2 protein chains.
Amino acid sequence: MTGRTRPIERRADALSRERIVEAAVTLLDVDGEGGLTFRRLAERLRTGPGAIYNHVANKGELLAAATDAVLAPALSAEVAEDVRAVALAVFDAIDAHPWVGTQLAFAPSQPAMLRVFERIGRRVRALGVPAGAEFASVSALTNYIVGVGGLNAANARAVAPGTDRTDFLTTVAVEWANLDPDEFPFTRDVAGQMRDHDDREQFLAGIDLILNGIRRLGRPG
Amino acid sequence: MTGRTRPIERRADALSRERIVEAAVTLLDVDGEGGLTFRRLAERLRTGPGAIYNHVANKGELLAAATDAVLAPALSAEVAEDVRAVALAVFDAIDAHPWVGTQLAFAPSQPAMLRVFERIGRRVRALGVPAGAEFASVSALTNYIVGVGGLNAANARAVAPGTDRTDFLTTVAVEWANLDPDEFPFTRDVAGQMRDHDDREQFLAGIDLILNGIRRLGRPG
DNA sequence: ACCTGAACACCGTTCAAGT
DNA sequence: ACCTGAACACCGTTCAAGT
């Protein structure tokens, strides 16, 4: 009866998809992947768990929306000048929000994955890769960034929170050094290098190896 | 191995870690990652859910044991002649048991992950990589194999069971072709190549790019 | 020493009842 | 149209009680 010309006045704290996703990101950041439940989310938003379903279809959709909300700004046009910059932007976003890594590696073909593919694609095309190798090159880089990013996030999550990084790496190095010499000769031998390595640096070294491999395609031999 | 005295006689169907892990692998293979619950496992083993805890500490340990049980034979000495063979052995194991990919990417530094690292390390060392680049090279390959393997498993899982592969790829290709031209010009442009690509081939192409990049390290320029 | 299964403290999701 | 919150059908894990 009041007509539909004027938007209906709403309480300032009315539920919306945006507010729900925002609260979900906070819960995930603060308490990790186990921290997001519909009951806790409803509590924070001062409503019942059922209300959330008026704005998101299910938990999977909520996680995908939260992932895209974190990754979209990280992959804005200004940031992504080259392949290494795109890779580091994704790595750092996962480092700051480890649940993003898990989600990316689990819900691919989502908007977030497409953003990475598109950015990498443009940069690889600018490199002048042979047309027949372009799709495979972009796929390898995208899959490496997302797959290995997720792997690093899982690694980080597996470590008890508050553990000193150096202590942890030393512990792993000692474990490696004590492996069975017949079954794990190589791993034993490089145990010392595990203690000193840096995840971010190593992530980037992998990107550089792939880029080296791609550049080599142009001039065979 | 060789018992000190004689092993105690047991009922043929007595619980054991081995029987539990075996039953877990079956449940995972048949019904996917959601198919493994302590109640269903207990039902299959004709016992109560609590009994399982006498042989495994928790669900995480059970999943890790199941993963290693599948991967260990795939990485036996005879199979792994070179890096590509190791990579394909892992890819095919994940293809046959998609839950292995998830588990590998989520519980690294587990025995299964170490097996891959060791195999790859031996082969890379045999390639004669400069000592300073060896650890990063082995890490890049291992992370690619495990991370991207997990990604492919997630992709496979996301597709409704029974969906024809060609139909699915065509659907994705159409989605890509209809993306926003301003936001996704590259992805739109290569949509047709998505339709024709082969996951296994592309996985291997990524390995080859990294190997190319590694070989290039020896002779700079 | 190992098994049993009820009980505990949770989940995601649904849905009748409200406004 | 949207919200509320009890209810449903599950979980992993624990633990007293059995053998």
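What you see is a predicted model, and the numbers here were worked out from it, not measured in a lab. By convention in this document, chain letters (A, B, ...) are assigned in the order of the sequence lines, proteins followed by strands, and residues within each chain are numbered from 1.
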> When you check the gap from the basic side-chain N to the acidic O, do Asp180(A) and Arg188(A) get nearer than 4.0 Å?
Replying inline: no

> Taking 4.0 angstrom as the limit, do Arg17(A) and Glu61(A) come out as a salt bridge?
Replying inline: yes

>> In this structure, how many angstroms lie between the P atom of dC3(C) and the CG atom of Leu15(B), rounded?
In response: 4 Å

> Quick one: which of dT13(D), dC3(D), dT13(C) gets closest to the side chain of Tyr53(A)?
Replying inline: dT13(C)

>> Does the structure show a Watson-Crick or G-U wobble partner for dA9(D), both distances under 3.5 Å? Name it, or say none.
In response: none

>> Only pairs with both distances under 3.5 Å count, Watson-Crick or wobble alike; so what is the partner of dA16(D) in this structure?
In response: dT4(C)

> If you find the nucleotide of DNA chain C closest to Gly48(B) and the one closest to Pro49(A), which residue's nucleotide is nearer the 5' end?
Replying inline: Gly48(B)

>> Check this for me, if you would: do Glu43(B) and Arg39(B) make a salt bridge, where the nitrogen-to-carboxylate-oxygen distance has to be below 4.0 angstrom?
In response: no

>> Measure CD/Glu61(B) against P/dT13(D) and give the value in whole Å, please.
In response: 11 Å

> Can you check the Leu45(B) CG to dC2(C) C1' distance for me, whole Å?
Replying inline: 14 Å

> Rounded to the Å, how far apart are Arg39(A) CZ and dC10(C) P?
Replying inline: 10 Å

> In whole angstroms, how far is the P atom of dC10(C) from the CG atom of Asp31(A)?
Replying inline: 14 Å

>> Is the phosphate of dC2(D) approached by His55(A) (side-chain N or O, under 4.0 Å from OP1 or OP2)?
In response: no

> Contact class for Leu36(A) vs. all strands (heavy atom < 4.0 Å): base, sugar-phosphate, or nothing?
Replying inline: sugar-phosphate

> Rounded to the Å, how far apart are Glu43(A) CD and dC10(C) C1'?
Replying inline: 14 Å

> Is any side-chain heavy atom of Asn152(B) less than 4.5 Å from a side-chain heavy atom of Asp95(B)?
Replying inline: no

>> In this structure, how many angstroms lie between the P atom of dT14(D) and the CG atom of Asn54(B), rounded?
In response: 12 Å

> Taking atom CD of Glu18(B) as the centre, does the number of heavy atoms from other residues, nucleotides or ligands within less than 6.0 Å exceed 12?
Replying inline: no

> CZ of Arg19(A) versus C1' of dC2(D): gap in Å, rounded?
Replying inline: 14 Å

>> From the set dC3(C), dC11(D), dT13(C), return the single nucleotide nearest to any side-chain atom of Thr37(B).
In response: dC11(D)

